[in-house]
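Note: hydrogens, waters and symmetry copies are ignored here, and every other heavy atom, side chains too, is used. These numbers were taken from a predicted model, which means no experiment stands behind them.
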There are 2 protein chains.
Amino acid sequence: MVTMQQVADRAKVSISTVSFVVNNTKPVTPETRERVLQVIDELGYRRNRAARALASRKSRILALIYPMLDHRNNHAFVESAATAAEERGYNLVLWPLHSDNVTTEIASLIEAGFADGVLLMEVQLDDERVSRLREAQAPFVLIGRTRELAGIDYVDIDFERTTQTAVDELAKLGHRDLALVLEDLRGTPLAGYAPPIRTEQAFREAVAARGLAGTVFHVAHDSGSISALPAELASSAPQTTAIVSMHDAASLALLSALPRRGIEVPRDLSIVTIGTTASLAALSQPPLSTYEAPGHVLGRAAAEALIARLEGRDGPATQVLVPCALHPGASMGPAPARA
Amino acid sequence: MVTMQQVADRAKVSISTVSFVVNNTKPVTPETRERVLQVIDELGYRRNRAARALASRKSRILALIYPMLDHRNNHAFVESAATAAEERGYNLVLWPLHSDNVTTEIASLIEAGFADGVLLMEVQLDDERVSRLREAQAPFVLIGRTRELAGIDYVDIDFERTTQTAVDELAKLGHRDLALVLEDLRGTPLAGYAPPIRTEQAFREAVAARGLAGTVFHVAHDSGSISALPAELASSAPQTTAIVSMHDAASLALLSALPRRGIEVPRDLSIVTIGTTASLAALSQPPLSTYEAPGHVLGRAAAEALIARLEGRDGPATQVLVPCALHPGASMGPAPARA
DNA sequence: TTGTAGGCGTTATCAG
DNA sequence: CTGATAACGCCTACAA
């Protein structure tokens with residue numbers, strides 16, 4: 001391993017000078033700078049992260065709390081967060097956090113100087129982990145939102161706006177009778193998970209404001225509940241011409257079951273999903289029209305917000321909401337002529 | 001931050017003694033040991049990773065090469081690898097590796113002392129990254145297998161055995177005419193991806209050895225190709241009664257399209273998938289019978305193998321193959337009575 | 001069994 | 001603008 005000292009010797013400067021050019025931390029004359037850079041290149045010198053971390057008291061590591069309960073849509077997010085971090089000289093570590101020792105773990109993470117800050121995903125409306133992070137004085141950024149948001153940095157999907165947009169779009173296509181399909185998360189670890197809650201509220205408000213009809217279905221995750229949905233829809237809301245779905249399995253089930261009931265998508269019924277990835281569309285036949293979760297944008301934004309905080313640009317909290325963009329599929333179309 | 005010195009002072013021992021008890025690196029009398037532990041607890045002392053890394057020349061960090069091209073089935077894997085690492089005092093960092101600078105990046109990763117070893121997923125049959133890792137003398141473990149395997153540590157799904165098992169199982173159910181559906185990866189970044197290649201070969205051998213008929217379909221990833229599959233199946237292999245699929249979108253498409261052609265699953269046709277996760281079964285109606293990728297087992301095995309190597313237990317290479325286990329769904333059944 | 005002391009490779013403070 | 005020189009917190013021979 002090449003050390004800074006070796007570079008300094010070879011370039012006939014002091015070790016501090018090498019540090020200055022490497023870190024751009026103090027002005028150096030172009031000539032010496034050039035010479036040092038040259039030697040660095042010749043020798044293939046690289047800063048040692050451990051030494052750097054020890055001396056600077058900064059690990060340049062961001063911890064991403066793991067496991068993630070919702071394994072469906074966060075790949076893009078994680079990937080972009082890792083990339084954004086790396087671009088700025090940070091790295092993302094996966095931090096498996098077991099529910100039994102949340103308190104200890106979160107504190108130790110920062111106190112031990114291992115990570116400089118924390119990224120927390122899949123936040124519940126009331127999330128113990130967030131309280132712990134505040135107590136531990138740990139710099140953190142949420143992906144998602146808790147109920148209380150004062151002074152908290154977060155980035156999240158703008159479910160409210162996405163829902164409104166979806167409803168608007170459907171209304172524009174002539175749909176008057178909508179339905180919203182949500183996962184029923186009662187009794188699961190995701191029980192307090194905010195997205196469906198926010199979406200339901202936004203949906204009810206949106207349809208009310210526009211004078212539309214809107215039925216909400218909470219569908220559990222078991223095969224029975226899912227396969228019962230088409231029948232339930234037919235019986236309790238037969239006039240529905242458009243479905244907004246946040247329940248992937250249900251979306252697919254509808255897509256394959258409806259034709260057998262003589263209902264063609266999108267001719268007789270439109271389906272759009274919210275907060276999904278394009279990969280769901282790739283799995284469905286016809287491809288689902290999806291309001292795609294902006295995972296890449298959010299991952300990057302989260303990492304950048306955290307790094308900004310770590311580097312002292314304090315200012316007001318970063319509070320970013322990004323709506324989902326429509327990934328056009330083939331499951332949304334104009335409302336059928338009314339009977 | 002509490003330092004070792006502070007613990008030592010308070011416990012009235014030297015700093016080295018604290019180190020010895022903390023690391024179990026030298027015998028210490030039970031009394032002193034107890035006393036030290038006590039103080040550690042009182043003060044909430046935690047080792048500083050940076051200092052430890054610097055002094056010991058070990059970062060205790062495993063780098064997981066990222067991004068992963070195949071975003072479908074590796075969540076379980078990543079999660080388990082992170083957990084297994086953490087249990088042993090290591091951490092997993094996500095290392096975004098861009099194809100343009102593979103060489104530099106991989107070398108620097110290790111040379112800079114940032115990571116002790118590397119985990120590499122989604123290995124191609126001939127993978128440049130593997131060559132680089134060898135050149136850089138970096139300890140690494142593959143998840144997957146290259147063509148050349150001498151002396152290489154890897155863990156992988158046993159596609160061969162899984163395929164044989166699947167074929168056996170179907171044969172036992174009376175099926176004589178099988179089909180294999182694979183993704184056509186030509187022209188994609190995953191072109192040399194080994195799983196479909198190995199599976200195809202295993203499938204051909206298995207059906208031949210058992211005197212069964214076996215047709216292979218390579219289906220591209222576009223919606224057109226996928227939706228054309230049912231028709232293609234009907235025309236070029238109409239006698240097929242069982243399908244083995246490694247193409248998720250195609251599996252789902254078949255499931256929803258076949259009934260419209262008067263073919264009921266599994267009454268008239270069985271479908272089993274290979275190397276998928278249970279979440280696919282959760283998305284399908286009826287739930288697909290899946291030979292589930294052993295992501296958790298492999299993730300853990302990979303991390304453990306790498307750590308073992310890092311800690312000097314050299315011995316022969318770890319070469320682990322784990323077959324997929326059948327996650328019973330409702331898409332596999334006895335062959336229909338022959339016409 | 002326990003203590004002493006010299007690194008590990010950088011950063012950062014202070015002089016020059 | 002450049003150079004000495006203390007830290008940073010821990011590990012690990014080597015001594016006692």
* Going from CZ on B:R10 to CD on B:Q38, what distance comes out if it is rounded to the nearest 0.5 angstrom? ->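 Between B:R10 CZ and B:Q38 CD, I get 9.0 Å after rounding to 0.5 Å.
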* Tell me which residues in residues 27-42 of chain A put a heavy atom below 4.0 Å from DNA chain C, sorted by number, or none. =>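 Output list: empty, so none.
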Provide, to the nearest angstrom, the distance between the [atom1] atom belonging to [X] and the [atom2] atom belonging to [N].
X	N	atom1	atom2	answer
A:L43	C:dG9	CG	P	14 Å
A:K12	D:dG3	NZ	P	12 Å
A:D9	C:dT10	CG	C1'	15 Å

* Candidate list A:L142, A:V123, A:T318, test side-chain contact (heavy atoms from CB on, under 4.5 Å), partner A:I152, passing option ->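 Checked A:L142, A:V123, A:T318 against A:I152; only one passes side-chain contact (heavy atoms from CB on, under 4.5 Å): A:L142.
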* Could you tell me whether B:V13 contacts a base, only the sugar-phosphate backbone, or nothing, with contacts defined as non-hydrogen atoms closer than 4.0 Å? =>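 Answer is sugar-phosphate: B:V13 comes under 4.0 Å of backbone atoms only.
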* To do: Scan nucleotides 8-16 of chain D nucleotide by nucleotide, 5' to 3', and note B when protein non-hydrogen atoms come under 4.0 Å of the base, S if they reach only the sugar-phosphate, - if neither.
  => BBBSB-B--
* Ion pair check, A:R309 and A:E304, cut-off under 4.0 Å ->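 Salt bridge between A:R309 and A:E304, a charged N being under 4.0 Å from a carboxylate O: no.
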* Under 3.5 Å donor-acceptor, B:T17 side chain and B:V13 backbone ->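 No.
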Does the side chain of [X] come under 3.5 Å of the side chain of [Y] through a donor N or O and an acceptor N or O?
X	Y	answer
A:N48	B:R57	no
B:D156	B:Q319	no
A:D127	A:T146	no
B:T32	B:T29	yes

